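Below, chain A is the first sequence line, B the second, and so on; all start at residue 1. No experiment lies behind these values; they were computed from the predicted model shown.
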Amino acid sequence: MDTYELITRNAEEVVTDEEVRKLADDPADKRAYVGYEPSGVLHLGHLLTANKLIDLQEAGMETVVLLADVHAYLNGKGTFEEIRETAAQMKAQFIAYGLEEERTEFVYGSEFQLEEEYTLDLHELELSTTMNRAQRAMAELQSGETAKVSHLVYPLMQTLDIQYLDLDLAVGGLDQRKVHMLHREEIPDLGYEARPCLHTPIIADLTSGEGKMSSSEGVTISMEDSTEDLEEKVNSAFCPPTREPDGDLENPVLELFEYHVFPRFEEVVVERPEKYGGDLTYGDYETLAADLESGELHPADAKGTLASYLDELIAPGREKLRELRS
RNA sequence: CCGCCCUUAGCUCAGACUGGUAGAGCAGUCGACUGUAGAUCGACUUGUCCCCCGUUCAAAUCGGGGAGGGCGGACCA
């Protein structure tokens, strides 16, 4: 797989393709980042962007993980002390998951976001951004909730972070699209250069196959799950025997194979009783999906396999969590 | 500073005028059917009715006070 392909694989959108191709030509020492509101427990949503960071490291880039403590504070997630505590746990789990410690810079937002120059730039952004625009860019805002001033400052800071962390590429879920576009539009007016952005897809809800998986409602798979939890959650997932269910629905089991299993494993073995045809081995997502579509691979077998591979992915983080809590 | 509206199940809300300790939809749980899930049937669970005080035999409901949230007006020196 060439560098460009590695950088962009499984990405839903790249802005712009031309800029990212240039990055791929000379990835050494280039810096890419994802910002996370500190959370005590990593879930699949976090791991999806982490997978991309691992790809980028493999491509030779430096990666930066922003532990966005100030953002979390602005979003009402607790005191700074509490937030830093969960941030430390988050960092440990990322490393356990597979981010290379020596090639990942973990940065707390408060390390640079409270400095004078940053603050003055922030005020300049406030001056030129309408409340409407800022609110629409605020992905974290619950729909229906009335925005606080802090919610409007939040995306403006994200916009600035990309400059202040000296990045060459911003990574995030597709839900971060509006912030990134705000960055690209506004940051040149401050005299800085807009950076390219890479967006991962938003995975469908496990039980319904619709919309996006939400950490606040519905079933979430996280580092806290035991092997039995995983089996139960995956088994109850929506999984019609096709890769393209009716309407806007997706097949979340296939999505998990595509975005979580195959990027981390060379080979996937489906252990299957002789009665149903014996074991199957897949080297890539496409053939597995095609087999599900044709009926060669039964959803129940796909689920059992998915659960055990997810379990393997989560095991180190789960162990780390246990240590942190003991 | 003034005025109006809202607060009841996990969610959206009904019930309040005409007091009798609560309902619907959705969600959830459990079975049946599928070698998964869903769909479809069948069954089931869920509550400090925002808080306090008062009236009453009896308050989600009436009266008073308070809290939280939303909206508008005024002020614009």
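A search for salt bridge (charged side-chain N to carboxylate O under 4.0 Å, His left out) contacts involving A:K77 returns A:E37, not counting sequence neighbours. With sequence neighbours excluded, the residues forming a side-chain contact (heavy atoms from CB on, under 4.5 Å) with A:P240 are A:F238, A:T242, A:P245, A:N251, listed by chain and number. A:Y164 is linked by a ring pair (Phe, Tyr, Trp, His ring centres under 6.0 Å) to A:Y118, counting only residues two or more places apart in sequence or in another chain. Legend: residues meeting side chain to side chain donor-acceptor pair (under 3.5 Å) with A:S39, ordered by chain and number and at least two apart, are absent. Here A:R21 pairs with A:D17 under the salt bridge (charged side-chain N to carboxylate O under 4.0 Å, His left out) rule; sequence neighbours left out.
Distance noted for atom C1' between B:U61 and B:C26: 26 Å (whole Å). The same atom, P, is picked in B:G15 and in B:C62; the two are 12 Å apart, to the nearest Å.
A salt bridge (Lys or Arg N to Asp or Glu O under 4.0 Å) check over residues 108-135 of chain A, counting only residues at least two apart or in different chains, returns the pairs A:R133-A:E185. Applying the ring-ring contact (aromatic ring centres under 6.0 Å, His included) test to every pair with at least one member in residues 242-292 of chain A, sequence neighbours left out, gives these pairs: A:F265-A:Y309.
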Practice prompt. Dot-bracket notation for RNA chain B is requested: 5' to 3', Watson-Crick or G-U wobble pairs only, both distances under 3.5 Å, with ( ), [ ], | and . as defined.
Written response: ((((((((.[[[[.)....(..]]]].(((((.......))))).....[[[[[..)....]]]]])))))))....
Atom pairs under 3.5 Å, N or O on each side, protein against nucleotides 37-44 of chain B: can you list them with distances?
from: B:A37; atom 1: O4'; to: A:A237; atom 2: O; distance (Å): 3.2
from: B:A37; atom 1: O4'; to: A:K303; atom 2: NZ; distance (Å): 2.7
from: B:A37; atom 1: O2'; to: A:S236; atom 2: O; distance (Å): 3.1
from: B:A37; atom 1: O2'; to: A:A237; atom 2: O; distance (Å): 2.6
from: B:A37; atom 1: O2'; to: A:F238; atom 2: N; distance (Å): 3.2
from: B:A37; atom 1: N3; to: A:C239; atom 2: N; distance (Å): 3.2

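Straight-line distance from the CD atom of A:E296 to the P atom of B:U36: 18 Å, rounded to whole Å. One atom, OH of A:Y276, and another, P of B:G35, lie 8 Å apart when rounded to the nearest Å.
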